[in-house]
2 protein chains.
Amino acid sequence: MATIREIAEKVGVSVGTASFVLNGKADDMRISKKTQTRVLEAAKELGYQPSLSARKLRVKGKEVPVIAILWTLDARTSLISRFLQGIQSKSTYQEGQFELLIQPYENGKLRELHALKTGLRFNGAIIANASDEDMHYLEQANLNLPIVVYQRHSKNYATVLVDSEKTGRDVAKKFIQNGHKQVSIVIPEVSSEAVALRIKGFLEECRVYQIEVDELYGDFSEAGGYAVTKQLLMVSPLPSAIFFLSDYMAIGALSALHEANVKVPKDIQLIGHDNMIATQFTIPTLSTVNLPVEEMAEASVNLLLKILRNAADPHEQLKFSSYILERESSSFE
Amino acid sequence: MATIREIAEKVGVSVGTASFVLNGKADDMRISKKTQTRVLEAAKELGYQPSLSARKLRVKGKEVPVIAILWTLDARTSLISRFLQGIQSKSTYQEGQFELLIQPYENGKLRELHALKTGLRFNGAIIANASDEDMHYLEQANLNLPIVVYQRHSKNYATVLVDSEKTGRDVAKKFIQNGHKQVSIVIPEVSSEAVALRIKGFLEECRVYQIEVDELYGDFSEAGGYAVTKQLLMVSPLPSAIFFLSDYMAIGALSALHEANVKVPKDIQLIGHDNMIATQFTIPTLSTVNLPVEEMAEASVNLLLKILRNAADPHEQLKFSSYILERESSSFE
DNA sequence: TTGTACGCGTTATCAA
DNA sequence: TTGATAACGCGTACAA
């Protein structure tokens, strides 16, 4: 991490000269070739790395806010592409009004992310996939950094979310409406408020209508859904409907059921969650709950930008709505 | 974009005081409550936004290189999650040795991305999905910014890629070996060297063995593959094998074929490309070409970091290999 | 609480 | 023709 001054000193030249050489303006400034090569060599030797900070500071009117997306290092990483797509599809991005930083963190270890406290890396953050512990830390830390929390409730920060409890109830209602008496819910092993609320809504509604529910757990992935279903196939009787809290898991289940020659939706009905594009092309097509990830992502960024320029309440709560998309996997033929 | 000095002036207080208040250190410093509120109000009014650059510059030993991932704003955005996963799975990231910036750009308009020339946003870049025009611009611009190009050849920059021509030949060989005489190749409408080379290799090998090939085009998505296949189903005879240059397209095709009651692999064999996880769970499971995205992503970042600290040749060429994963969609029963 | 030196690259002004 | 000097940008931290 040498500075330009160190280079200048080593070569025995002024910092201005060194700067010109390192920026390719040496010829315009008529710096001799020998000096140029000597400067460049010194830079290489010392491992010179220009400081963006110093540059930005000097070049006026160029600094834009840095927005960080804090994303957990777990299976849900696969959803980040939709999040990014939501941000990018909009004009805001194109105009270069902000820089987008991806800041991964380990689930449950948000407190160890020093950048949240130092305020050196970003001007504001969107926190996705926060676990209970992470959220607890956040609420108690009371950071004075502008923050938008995605898919969780919060007292101290702005939020963007859907009514996950209602989602759960809606799916239960659909199952009840379709006449199911014995259903299962497959739960991914991730700590998430949204998941917990969906479960809560689903179970409550089932209780009200006295439907029997089995709770199953698996990895948040196709493989997880496949494994859970394989296990389920070994016991009997099979439930007549399953709610998967992740489309990926439901896709894995379709594969396992096909192998076992169990027909969907005739023998068993499935509903997934998230409305991943792939669900339109599975065999059979997969009913799912539409989660407006792209819209929420865009809203999160816009909200954060507004908060940054004091144009929005830092406690704003944006609510989106989800709805069931009925496709073949939950329809009677 | 007010500065801390403007706030201090407005309130009639020193910059030091303003700094303390804005950083929540006011109480420790025994700044009066009135002063605190006045400073905070002024900050709000003026729309104060702390300059990260000034902060980083002052706080010693904290500046780490910023690496940008330049990603096109097109359908292939869906692949970015694998790219990110590749980076994140490794220790490098955890140690906070660099910051990761996502810099989208419009396909073919890399030249309009000013950040590449100003050097204000990042210390080095990984360029993914560059089109021919983008690459032409890059080669001729001869930027002195450290750059790693992903999945393209380059004279002037470091690269990380697989031998895409060989991939194409391999798939053709597999088809020939399986006895096909009439095949199709489905090409996504994206400008990519890798895609072009796969096509080239595939067509050449087919020519050598005098296999008839039909070239079809569609959107890089499940819907694109579905649409192409629907069209294909209207003509006859159907080819006995199809090579899809994207798994997403192949997944769409499976759906269309299922609807038309054409059996895979009995009536027609399919091979996709990329080895997306979903291909293990389609019905039938999808043969595909494994593209080591995660490994290449990790290698790209590590190579760039090495170049940044002069520990690697800025023209290094890293080659990875791909191979066919035979699953049900291309196997005889 | 205040004043001010400091970090580091850029660039305009000055000097030989 | 070749290079030096110093002001500048902005938040931080320490001495006063």
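Since this is a predicted model, take the numbers as computed values, not measurements. Computed from heavy atoms alone, side chains included, the values below leave out hydrogens, waters and symmetry copies. Below, chain A is the first sequence line, B the second, and so on; all start at residue 1.
Straight-line distance from the CD1 atom of B:I31 to the C1' atom of D:dA13: 13 Å, rounded to whole Å. Taking atom CD on A:Q49 and atom P on C:dG7, their separation rounds to 20 Å, with Å as the unit. Atoms CG (B:L57) and P (C:dA5) sit 17 Å apart, rounded to a whole Å. For A:D28 and D:dT2, the CG to C1' distance is 14 Å, given to the nearest whole Å. As rounded to whole Å, 16 Å separates atom C1' of D:dT5 from atom CD of A:E9. Between the CG atom of A:L52 and the P atom of C:dT10 there is a distance of 10 Å, rounded to whole Å. Taking atom CD1 on B:I4 and atom C1' on C:dG3, their separation rounds to 14 Å, with Å as the unit. Distance B:K56 NZ to D:dG11 P: 14 Å, rounded to the nearest Å.
The residue B:K25 sits close only to the backbone: its heavy atoms come under 4.0 Å of sugar-phosphate atoms, none of a base. The residue A:R55 sits close only to the backbone: its heavy atoms come under 4.0 Å of sugar-phosphate atoms, none of a base. Within the nucleic acid shown, A:S53 has no heavy atom closer than 4.0 Å to any nucleic acid atom. A:K33 comes within contact range of no nucleotide atom at all, as no heavy-atom separation falls under 4.0 Å.
No side-chain heavy atom of B:L304 sits less than 4.5 Å from a side-chain heavy atom of B:I147. Contact annotation: the side chain of A:Q151 approaches that of A:V162 to within less than 4.5 Å [non-hydrogen atoms, C-beta and beyond].
When the side-chain nitrogen and oxygen atoms of B:T35 are compared with OP1 and OP2 of C:dT1, one or more of them lie within a distance under 4.0 Å. Between C:dG7 and A:T3, no contact under 4.0 Å exists linking OP1 or OP2 to a side-chain N or O.
For A:E45 and A:K10, the salt-bridge test passes: some basic side-chain N is under 4.0 Å from an acidic carboxylate O.
Annotation: ring-ring contact (aromatic ring centres under 6.0 Å, His included) contacts involving residues 126-152 of chain B, sequence neighbours excluded, comprise B:F83-B:Y150.
Distances from the side chain of A:R58 to the nucleotides D:dA7, D:dG3, D:dC10 place D:dA7 closest.
In terms of heavy atoms, B:P314 sits closest to B:I307 at CA-CD1, 3.8 Å.
Residues A:D27 and A:Q36 have side chains that bring a donor and an acceptor to within less than 3.5 angstrom of each other. Side-chain contact annotation: B:T72 with B:N107, donor-acceptor N/O pair under 3.5 Å absent.
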For DNA chain C, the expected dot-bracket line (Watson-Crick or G-U under 3.5 Å, [ ] crossing, | inter-strand) is ||||||||||||||||
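For the pair A:K34 and A:R5, both in contact range of DNA chain D, the more 5′-proximal nearest nucleotide belongs to A:K34.
Paired with B:T17 under the rule side chain to side chain contact (heavy atoms under 4.5 Å, CB included), one option of B:I4, B:I31, B:I7 passes, and it is B:I31.
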B:K155/B:E139 under side chain to side chain contact (heavy atoms under 4.5 Å, CB included): CA gap, chis, key distance, verdict: CA-CA 7 Å; B:K155 285 202 312 289; B:E139 294 289 4; 4.0 Å; yes
Test salt bridge (charged side-chain N to carboxylate O under 4.0 Å, His left out) applied to B:E63 and B:K56, step by step: CA-CA 6 Å; B:E63 198 157 354; B:K56 284 187 195 166; 5.5 Å; no
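Contacts between residues 12-24 of chain A and DNA chain C, defined by a heavy-atom separation below 4.0 Å, involve A:G16, A:S19, A:F20, A:N23, listed by number.
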